Amino acid sequence: MPEETTKDEYVSFFKTLAYDWEDYIGVKHFSVEGQLQFNAILFVPNRAPLLLESMKKSNIKLYVRRMFIMDNCEELIPEYLGFVRGVVDSDDLPLNISHDEMLQQNKNILQVIRDSLVQKCFEMFYEIAERKQDYIQFYQAFSRKLELGIHEDNRYRAKLADLLRYHSTMSDEELASLKGYATRAKDVQKVRARSQYRTRLLIKEKGPQYQSMVAHAAVDKYGWKKIVAATKEGLKLDDKTEKEKQKKVAKKKSFESLCKMIKDTLPGKKTMEINPDNDIMEELRKIVEADKNVESMKKELVLLLFETALLSSGFSLDEPKQFTSRIHRMLKLRLMAYKDSDIDSEYEDC
């Protein structure tokens, strides 16, 4: 029984069960009595395996009246909780039939056990969340599995949402929960960002008091607050002054020529989002509008920026040799510009 088991005994049992040399980060030991009777013990490992995505769908061992039945019983736990290690010992499942027959003929019993295990998993996760450093370690190891659950499990989406953590403009270093985000947010602050770039843009437009968060899992609501993606096309934040709106319209108009060139230059239906407040984009706008510059150079710069953005986002290039050639041509042009200037004095100013 849980009250009779020492910490050392739990650690020893976990290491034997999981073939792990490290301690666990969470444990839940419980019994269920009533229409069904079973005992169970669940553990959260201290770390994820090297290849998290190759993890088994279930790490729950099934026993019936203390007799081993099977490893990795997938009927007892959803796949996104496959990192949880544990043992279930049931008094209600039959012993005198094959494994397949038992699973087919006792679906209701297995579903009840599954529901109890999932509930206890969340209780265990919430207990870990109360210990700040432990939860940071837990989240770094298994956040991708929790995010998978957001997509796959509608029933427990709200509980999973409480466990998610995000970088927020209100907490640059620490991860913030949706609960903390919703508490701090004003009505106009119903925004999540899917990229660091968009977050920085929101801060610049709205000031440091405007909160946004960098999210990877699709969470559309939290309690009564609606959450919208800052990267969604046509996002409108109607809290600008009339002067700010006029300034934005004027800036947008000044970039029409550059946007048209980008659209005409990029191959296929590819698109590139630009930041009009960026110094490079402002200089490129001036180059595009200047008639004296040759069209080929303008297009070369646009392609170079697009390919650099792809690389920065983690994508690969279809034609890396062309990218290299563009870099070399830009370096050559820059060196030619230095040819008649005082290079040493320029470097002294750097």
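All values derive from a computational prediction rather than experimental measurement. Numbers here are sequence positions counted from 1.
- Using modelled atom types, one side-chain atom of Arg157 and one backbone atom of Ile150 make a donor-acceptor pair closer than 3.5 Å.
- Between the Ser90 side chain and the Val64 main chain, no donor and acceptor come within less than 3.5 Å of each other.
- The aromatic rings of Phe14 and Phe43 lie tilted to each other, with the angle between the two planes from 30° to 60°.
- Between Phe83 and Pro45, the shortest heavy-atom distance links the atoms O-CD, 3.3 Å.
- Tyr10 places no side-chain N or O within 3.5 Å of a backbone atom of Val27 that could act as its donor or acceptor partner.
- Annotation: cation-pi geometry not satisfied between Lys145 and Phe138 (NZ/CZ under 6.0 angstrom from ring centroid, within 45° of ring axis).
- Considering OG1 of Thr324 and CZ of Arg326, their distance stands at 10.0 Å, rounded to 0.5 Å.
- The closest side-chain heavy-atom distance from Leu303 to Phe323 is not below 4.5 Å.
- Between Phe122 and Phe125, the ring-plane angle classifies as perpendicular under the 30° and 60° cut-offs.
- Annotation for Ile327: atom CD1 counts as buried by contact number, over 12 foreign heavy atoms lying within 6.0 Å.
- When all heavy atoms of Glu74 and Arg114 are compared, the pair lying nearest together is O-NH1, 3.6 Å.
- Under 4.0 Å is where a charged nitrogen must lie from a carboxylate oxygen, and between Lys252 and Glu256 no such pair does.
- Side chains of Lys57 and Asn72 form no contact here, defined as non-hydrogen atoms less than 4.5 Å apart.
- Within the model, atoms OG of Ser31 and CD of Glu33 stand 6.5 Å from one another, a figure rounded to the nearest 0.5 Å.
- Rounded to the nearest 0.5 angstrom, Asp91 CG and Arg66 CZ are separated by 9.0 Å.
- Between Lys7 and Asp23 there is a salt bridge, since a side-chain N of the basic residue sits under 4.0 Å from a carboxylate O of the acidic one.
- A salt bridge does not link Glu75 to Lys107: none of the charged side-chain nitrogens sits closer than 4.0 Å to a carboxylate oxygen.
- Looking at heavy atoms from C-beta onward, Asp92 lies in side-chain contact with Gln37 at the 4.5 angstrom threshold.
- Crowding of Asp264 atom CG: a count of heavy atoms from other residues, nucleotides or ligands under 6.0 Å exceeding 12.
- Across all non-hydrogen atoms, the minimal contact from Lys298 to Val288 is NZ-O, 3.0 Å.
- Enclosure of atom NZ in Lys132 is not indicated, since only 12 or fewer non-hydrogen atoms of other residues, nucleotides or ligands lie within 6.0 angstrom.
- At distances below 3.5 Å, not a single donor-acceptor pair connects side-chain atoms of Asp20 with backbone N or O atoms of Lys15.
- Across Leu305 and Met281, no two heavy atoms sit closer than the pair CD1-SD, 4.0 Å.
- A donor-acceptor contact shorter than 3.5 Å links the side chain of Gln137 to the backbone of Asn46.
- Put simply, CD on Glu282 and CD1 on Ile274 are 10.0 Å apart, with the number rounded to the nearest 0.5 Å.
- For Glu9, the CD atom is densely surrounded, since the number of other residues' heavy atoms within 6.0 Å is greater than 12.
- Looking at heavy atoms from C-beta onward, Glu319 lies out of side-chain contact with Glu307 at the 4.5 angstrom threshold.
- Under a 3.5 Å cut-off, the side chain of Arg85 and the backbone N or O of Gly82 do not form any donor-acceptor pair.
- Both Leu284 and Met272 belong to a common hydrophobic cluster when Ile, Leu, Val, Met, Phe, Trp and Tyr are linked at side-chain heavy-atom distances under 4.5 angstrom.
- Looking only at distances, a side-chain donor or acceptor of Tyr135 sits under 3.5 Å from a matching main-chain atom of Leu163.
- Remark: side-chain polar atoms of Gln246 are not paired, donor with acceptor, to backbone N or O of Lys243 under 3.5 angstrom.
- For the atom pair CE (Met70) and CD1 (Ile60), the distance works out to 13.0 Å, reported to the nearest 0.5 Å.
- Tyr19 and Trp21 sit in two unconnected hydrophobic clusters of ILVMFWY residues. Membership requires side-chain heavy atoms under 4.5 Å apart, directly or through other members.
- With respect to Asp115 and Lys120, no salt bridge is recorded, no charged nitrogen being found less than 4.0 Å from a carboxylate O.
- When side chains are defined from C-beta on, Gln119 counts as touching Tyr156, because their heavy atoms get closer than 4.5 Å.
- Considering SG of Cys73 and OH of Tyr63, their distance stands at 13.0 Å, rounded to 0.5 Å.
- When all heavy atoms of His29 and Ala40 are compared, the closest pair comes out as CD2-O, 3.3 Å.
- The main-chain N or O of Asp8 is never found under 3.5 Å from a side-chain atom of Ser12 such that the two would form a donor-acceptor pair.
- Counting all heavy atoms, side chain and backbone alike, Phe30 lies closest to Leu117 at CZ-CD2, 3.7 Å.
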